[in-house]
2 protein chains.
Amino acid sequence: MQPVTDLDSLSLEETTYRRLRQALMEGAFEPGQKLSIRRIAAALGTSAMPARTALRRLATEQAVDVLPSGTAIVPRLTRAAFRELGTIRAELEPLALRLAAPRIGGPRLSELEAIVRDGWAAREANNPEEVLRADRDFLFVLYHAADAPMLLSIIEALWMRRGPHFWDARWIIIGRVPAENRHAEILDALRAGKGDEASAELKAEIESTTAYLLEQMPFADDPVEDGGFDRLRSPAGSTRKRRAAVGPSG
Amino acid sequence: MQPVTDLDSLSLEETTYRRLRQALMEGAFEPGQKLSIRRIAAALGTSAMPARTALRRLATEQAVDVLPSGTAIVPRLTRAAFRELGTIRAELEPLALRLAAPRIGGPRLSELEAIVRDGWAAREANNPEEVLRADRDFLFVLYHAADAPMLLSIIEALWMRRGPHFWDARWIIIGRVPAENRHAEILDALRAGKGDEASAELKAEIESTTAYLLEQMPFADDPVEDGGFDRLRSPAGSTRKRRAAVGPSG
DNA sequence: AATGAACATTTGTGATCACGTTATAGTAGG
DNA sequence: CCTACTATAACGTGATCACAAATGTTCATT
């Protein structure tokens, strides 16, 4: 894969935006976490300006919410919002896969195979971080292959909104007994040139995972009992200090 | 319809953003038109800051393109981009209609009826501006009724990108002989409680209109002959000066 | 110890400025 | 009449400042 851009030649505002975007998609922030302009600017060693614009851009995509005071906050999803997210994903991501199917060549297939293998190994090793990473990588290799830039950016926006909660729920996700390896089946369908089958499989995966999480995950509008949102953190009591908004060194 | 917010209580940046967004969706700008920060700021009587943030937000939604120099420009769509737009719309807008269908009550139905009547009258009067407005209003009443905020904002982003070209092509659109009144049929289906039928009808409309325009409209990557982009302006030689970016008085 | 008021800090917003780049118009040369 | 160059204007970017609103903290009071 070619380097998307030379980071050095980009404006500060653009790099700030991309780093926040990536962090959000990967679940590096916790739901409810406040992202203040000055803090982010300080963490990146710039003035407030690039951080301000970057945050407002994210708010436009609804990747962050914005309090009445103007402060950006990592969204806490309501059940309705999470359901909506699932509904849209179940429509758009299979579409992307359908567009990508005829464009997947041999090299891409082996790349995908490797990712599926990694994901499977991580699952057996009970390593949820790695499982989630592999799942995400698998899908986005496909979505990039669709060569539909608008569609891709819409899907990314959906993932940004979902990312923080997904990350929080990684122990729930990993706890689900995987009847079969769905990504392996998608891969098989792609190898056989059955794009529509792969697409249907993906749609089923998104819908069933969404339904499962609606049952298992706590949401912002659930009645609070015993700490509410703060259960289901990682088991080894990781009560560490909230991580810095953006670390300049990664 | 309730006033969404009171404009006076909003930040300058937010009002700037909303005005540009509306203008884009309605096709008030021409493809290729440059939107400079300072010009827009001057037109609104503010400093450059709100205009800067507003334009960057629009760029994030891909509602405007950004030249290498950083200047925002109203997009000129390539055929591929227009096709992609149609493909995404054909997936999302029927979804929105499906979600909206069970929520459409009597008052909404009469509102929709009135809009359809207006549109039909405008078509007979050969008034393309009014036809396009009615079509847009009809659909967005439905999309709002879906009560799915993310979905709505995605759809609006798609329309923003399409708006300028659509406006340019209004004489082509109006010139197409309408076999039947599709929106009336959608309305009938809704009245009968057949949301899926309405949705399928809408999908067909989007797909056939997209295909039709792909044949009839000139695109940014078409070979230029005889003025290229500049044919198909309104017949009464409206060679008026390019309208101001944003008029402060509306 | 719990409550509330006063203070200090942090926050977003918008304006202004400096800097380097890009686009544009005018002019000279072919 | 067209092209190439140059000077001037306009542009985007990022930093900094002032201001008002919101937030968090401290301390006195009950």
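In what follows, every chain begins at residue 1, and chains take the letters A, B, ... in the order their sequences are listed.
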Enquirer: Is the backbone N or O of A:Ala145 less than 3.5 Å from a side-chain atom of A:Arg103, with the two atoms forming a donor-acceptor pair by type?
Expert: yes
Enquirer: So, A:Arg170 side chain and A:Trp167 main chain: donor-acceptor pair closer than 3.5 Å or not?
Expert: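 Checked: pair present.
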Enquirer: Among A:Glu14, A:Glu26, A:Glu156, which one satisfies salt bridge (charged side-chain N to carboxylate O under 4.0 Å, His left out) with A:Arg21?
Expert: A:Glu156
Enquirer: Looking at the side chain of B:Lys34, which of C:dT24, D:dG14, D:dT23 is the nearest nucleotide?
Expert: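 Looking only at side-chain atoms, B:Lys34 lies closest to C:dT24.
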Enquirer: Does the pair A:Glu61/A:Arg57 count as a salt bridge with the N-to-O cut at 4.0 Å?
Expert: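 No, this pair does not count.
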Enquirer: For B:Thr71 and for B:Glu14, find the nucleotide of DNA chain C with the closest heavy atom, then tell me which residue's nucleotide is more 5'.
Expert: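 Its nearest nucleotide being more 5', the pick is B:Glu14.
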Enquirer: Could you state the atom-to-atom distance from CG of A:Leu55 to P of C:dT13 in whole Å?
Expert: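 Computing the A:Leu55:CG to C:dT13:P distance gives 10 Å.
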Enquirer: Counting side-chain heavy atoms from CB outward, which of D:dA15, C:dG14, D:dG12 is closest to B:Ser36?
Expert: D:dG12
Enquirer: Starting at atom OH of B:Tyr17, determine the distance to atom P of C:dT13, rounded to an integer number of angstrom.
Expert: 15 Å
Enquirer: Less than 4.5 Å apart, side chain to side chain, heavy atoms only: is that true for B:Tyr143 and B:Leu151?
Expert: no
Enquirer: I need the residues from residues 58-67 of chain B with at least one non-hydrogen atom less than 4.0 Å from DNA chain D; give them sorted by number, or say none.
Expert: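 Residues of residues 58-67 of chain B that come under 4.0 Å of DNA chain D do not exist, since none gets that close.
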Enquirer: For A:Pro68, answer base if it contacts any base atom (sugar-phosphate contacts may also be present), sugar-phosphate if it contacts only those atoms, and nothing otherwise; contact means non-hydrogen atoms under 4.0 Å.
Expert: nothing
Enquirer: Can you check the B:Arg57 CZ to D:dG12 C1' distance for me, whole Å?
Expert: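 From B:Arg57 CZ to D:dG12 C1': 19 Å.
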Enquirer: Take the protein atom CG of B:Leu35 and the nucleotide atom C1' of D:dG12, then report the distance between them rounded to whole Å.
Expert: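 Atom CG in B:Leu35 sits about 14 Å away from atom C1' in D:dG12.
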Enquirer: In whole angstroms, how far is the C1' atom of C:dG14 from the CD1 atom of B:Ile37?
Expert: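 Distance, rounded to whole Å: 14 Å.
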Enquirer: Using a distance-only criterion (donor-acceptor N/O pair, under 3.5 Å, no hydrogens), is the base of D:dG12 paired with the side chain of B:Arg52?
Expert: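 Result: no qualifying N/O pair found.
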Enquirer: Could you tell me how far apart B:Ile73 (CD1) and C:dA23 (P) are, to the nearest whole angstrom?
Expert: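 So the CD1-P distance, B:Ile73 to C:dA23, works out to 11 Å.
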Enquirer: Is there a side-chain polar atom (N or O) of A:Ser69 under 4.0 Å from OP1 or OP2 of D:dA22?
Expert: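 The answer is no; no side-chain N or O of A:Ser69 sits under 4.0 Å from OP1 or OP2.
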Enquirer: What is the separation between atom CE on B:Met49 and atom P on C:dT16, rounded to the nearest whole Å?
Expert: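 One finds 11 Å between P of C:dT16 and CE of B:Met49, rounded.
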Enquirer: For the pair made of CZ in B:Arg38 and C1' in D:dC11, what is the distance, rounded to whole Å?
Expert: 6 Å
Enquirer: If you check every side-chain atom of B:Ser47, which of C:dG14, D:dG14, C:dG12 has the closest atom?
Expert: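 Of the options given, the side chain of B:Ser47 lies nearest C:dG14.
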Enquirer: I'd like to know if B:Arg52 and A:Glu13 make a salt bridge, using a cut-off of under 4.0 Å between side-chain N and carboxylate O.
Expert: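 Looking at A:Glu13 together with B:Arg52, the answer is no, because their closest N to O distance does not fall below 4.0 Å.
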Enquirer: So, B:Glu84 and B:Arg161, do they make that salt bridge, N to O below 4.0 Å?
Expert: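 No, this pair does not count.
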